[in-house]
Amino acid sequence: MRCRKVRSCLSAYCRDELSAGRQASVKEHLDRCAGCRREEAVFRELNGSLNTLPEYHVSDDFNTRLLNRIAQERFKETRSRAYLPKRVPIFGWGRLIPAMATACLVLAFVFSGGLGILDNQDQPPTYANNGQGGEYLDDRYKDVQPDQTHVLIQHSQSNWVFQKQVAKANRIRNLMNQLASQSSFGNTAQLAGSGYNYSNRPLIMRLPFDRRTINSTYTTQGVMTAEEAR
Amino acid sequence: MKAKESEKQIDYDLMKRIQGGDMVAFNKIVDRYKDRLMNIIVRMLRSSEEAEDVVQETFCRVYQHRDSFDFRHCFSTWIYTIALNLARNELRKRKRFKFTDIFDMQGKESEIAVEMELPSNLPKAIEAALKTIPEKYQMAFVLRDIQELPYEEVAKIMNIPLGTVKSRVNRARAMLREKLRPRMEEYNALSKGTLLPVSLL
């Protein structure tokens with residue numbers, strides 16, 4: 001082998017990295033060549049010096065800082081997954097469906113007349129002057145009288161305001177009946193002639209918690225049952 | 001060889017425990033590899049602070065991706081690969097934002113001072129010479145000759161063929177030899193007694 005070839009593989013030879021045959025060839029050349037032997041000595045010295053190179057170490061608190069950092073990252077990861085609510089897109093179905101349902105309910109409420117809340121204001125019965133020195137019950141009171149209430153009651157099952165009106169009408173009717181029965185009450189004829197028969201008027205009430213239709217007939221003697229009224 | 005196999009087995013056992021959530025095992029893995037990684041990364045980045053940051057980031061990545069570790073592969077190869085990729089990223093960042101300040105000048109002054117020192121300071125001369133050779137040869141040399149990793153592992157870490165690794169290691173040794181030739185000859189002459197140190201004259 002020539003010196004050039006031997007010197008190119010001297011570093012591997014010094015580390016025993018060559019094959020057995022190659023190693024023997026280089027050794028044979030080195031036995032004959034002083035220059036290559038000097039090169040071999042330099043390489044061996046270099047390899048020996050590599051063991052004396054300074055070793056670098058991390059700082060003493062490296063482990064602590066590392067574990068703290070990992071703990072912080074785990075905390076952030078846990079917090080983001082567990083505690084923050086899942087984001088719902090602004091225009092996603094998650095928000096659109098409840099909004100549409102709310103809008104439908106509002107529209108249904110508006111078109112149904114607001115369950116009659118704005119209608120039929122609680123107007124007290126008024127007494128009008130009939131021009132003959134007496135008073136009679138205003139016809140407008142008929143609007144809230146039981147004879148026309150069945151229409152409204154059928155369409156408003158839980159209209160507590162209307163029930164209050166009905167109760168008031170009943171009280172006034174009873175009062176009028178009582179007054180009519182008393183002969184000392186001078187205007188009873190006019191009251192009786194108002195065109196409204198306060199007695200024996202069927203009153204259909206539909207209780208909100210009971211779907212049964214109750215037919216009651218109110219008379220001056222008291223409430224009659226449905227069978228008695230027939 | 002048997003020692004290598006036992007080292008491998010220890011790493012596998014620790015990784016299994018880490019995957020199960022054992023932080024004591026993770027601490028042991030950190031103690032086993034932190035200085036080895038530091039030795040390599042410092043010589044690549046030439047800054048101990050940055051090297052420590054890279055080593056810390058390496059262990060964080062190891063922990064984050066602990067479940068994706070494939071037990072068919074060698075753990076040391078995996079962790080070295082992560083560390084070297086992070087170090088390369090750091091070097092690329094440096095190339096993008098290159099600052100010149102007085103600390104660079106101070107570094108150069110120390111290099112010159114090392115060259116003027118007596119040959120007995122060979123390790124420092126080797127370190128200084130190592131910094132002057134290109135990165136790919138330097139990395140191969142550090143992994144093979146300083147860390148004493150097998151050629152096959154170096155090839156997997158650097159993701160290059162085995163022949164390329166051997167060629168680069170050989171070239172790195174030759175470059176170092178050329179740079180250290182005057183100092184080595186002086187050192188040999190001193191050790192043989194043919195050359196007296198200046199202080200004795």
Side-chain angles (χ1 to χ4, degrees), chain A residues 1 3-19 22-23 26 30 34-81, chain B residues 21 23 26-28 30-31 33-43 48-49 51-53 55-60 62-64 119 121-127 129-130 141-142 144-148 150-151 166 169-174 176-178 180-181 183-185 187-188 191-192:
Chain A
M1 284 180 83
C3 289
R4 191 179 171 183
K5 194 141 177 89
V6 167
R7 289 185 188 187
S8 68
C9 56
L10 263 179
S11 61
Y13 171 79
C14 294
R15 288 178 171 268
D16 297 326
E17 291 174 1
L18 296 176
S19 60
R22 203 77 182 269
Q23 197 94 358
V26 171
L30 288 173
C36 290
R37 276 203 299 274
R38 276 198 294 275
E39 283 293 315
E40 183 204 356
V42 169
F43 271 113
R44 287 197 187 278
E45 195 63 43
L46 198 61
N47 290 340
S49 302
L50 290 177
N51 295 331
T52 62
L53 284 178
E55 283 191 8
Y56 295 94
H57 300 280
V58 295
S59 54
D60 294 335
D61 61 343
F62 177 83
N63 283 35
T64 309
R65 284 190 289 115
L66 173 64
L67 292 175
N68 282 342
R69 181 175 163 181
I70 287 173
Q72 280 176 10
E73 284 176 9
R74 282 179 74 181
F75 174 72
K76 279 182 199 172
E77 190 182 330
T78 312
R79 191 178 144 184
S80 63
R81 275 185 200 166
Chain B
M23 291 306 289
F26 181 73
N27 217 21
K28 284 186 181 170
V30 170
D31 289 335
Y33 282 94
K34 61 183 180 184
D35 289 333
R36 293 188 221 180
L37 292 177
M38 191 69 177
N39 264 326
I40 300 171
I41 305 298
V42 158
R43 290 187 167 97
S48 53
E49 289 85 17
E52 197 161 311
D53 289 341
V55 172
Q56 195 179 82
E57 181 64 29
T58 303
F59 284 114
C60 286
V62 164
Y63 187 78
Q64 280 170 14
N121 209 344
L122 195 55
K124 281 195 179 177
I126 293 173
E127 288 274 19
L130 205 55
F141 180 82
V142 167
R144 175 69 193 104
D145 286 351
I146 298 180
Q147 289 296 119
E148 295 180 352
Y151 277 107
K166 290 183 177 177
V169 170
N170 223 21
R171 284 289 301 276
R173 289 169 182 164
L176 276 177
R177 172 71 185 88
E178 284 305 312
L180 294 169
R181 182 187 289 276
R183 298 188 62 90
M184 294 303 298
E185 285 174 354
Y187 183 77
N188 278 336
S191 60
K192 286 176 185 171

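The chains referred to below are lettered A, B, ... by the order of the sequence lines, with proteins before strands, and numbering in each begins at 1. Since the model is a prediction, treat every value here as computed from it, not as a measurement.
- Taking both residues in full, the closest heavy atoms of A/Glu55 and B/Asn39 are given as CA-OD1, 3.5 Å, listed atom of the first, atom of the second, then distance.
- Inter-residue side-chain proximity for B/Glu148 and A/Asn51 is flagged as met; some heavy-atom pair is nearer than 4.5 Å.
- Between the side chains of B/Arg43 and A/Tyr56, no donor-acceptor pair of N or O atoms lies under 3.5 Å.
- Note that CD of B/Glu52 and CZ of A/Phe62 are 6.0 Å apart. Values are rounded to the nearest 0.5 Å.
- Here the side chain of B/Asn170 pairs a donor or acceptor atom with the backbone of A/Ser8 at under 3.5 angstrom.
- Side-chain contact between B/Lys34 and A/Asn63: present, with at least one pair of heavy atoms (C-beta onward) separated by less than 4.5 Å.
- With contacts defined as side-chain heavy-atom distances shorter than 4.5 Å, the pair B/Phe59/A/Ile70 does not qualify.
- Using a cut-off of 4.0 Å between Lys/Arg side-chain N and Asp/Glu carboxylate O, A/Glu45 and B/Arg177 are scored as not salt-bridged.
- For chain A, the nearby parts of B/Val55 are the backbone and the side chain; heavy atoms of each come within less than 4.5 Å.
- Atoms CD and OG, on B/Glu49 and A/Ser59 in that order, are 10.0 Å from each other to the nearest 0.5 Å.
- Across all their heavy atoms, B/Gln56 and A/Arg69 have their closest contact at OE1-NH1, 3.3 Å.
- Environment of CG in A/Asp61: crowded, with over 12 heavy atoms of neighbouring residues, nucleotides or ligands closer than 6.0 Å.
- Top candidate by heavy-atom pairs under 4.5 Å with chain A, chosen from B/Ile41, B/Asp145, B/Asn27, is B/Asp145.
- Judged purely by distance below 3.5 Å, without hydrogens or angles, the side chains of B/Tyr151 and A/Glu17 pair a donor atom with an acceptor atom.
- Shown here for B/Pro123 and A/Leu53, the closest heavy-atom pair between the two residues is O-CD2, 3.4 Å.
- Between chain B and the residues A/Arg74, A/Arg15, A/Glu73, the largest count of heavy-atom pairs under 4.5 Å involves A/Arg15.
- Listed by chain and number, the residues in a salt bridge (charged side-chain N to carboxylate O under 4.0 Å, His left out) with B/Asp35 amount to none (sequence neighbours excluded).
- Chain B forms more heavy-atom pairs under 4.5 Å with one residue of A/Leu66, A/Leu10, A/Thr52 than with any other, namely A/Leu66.
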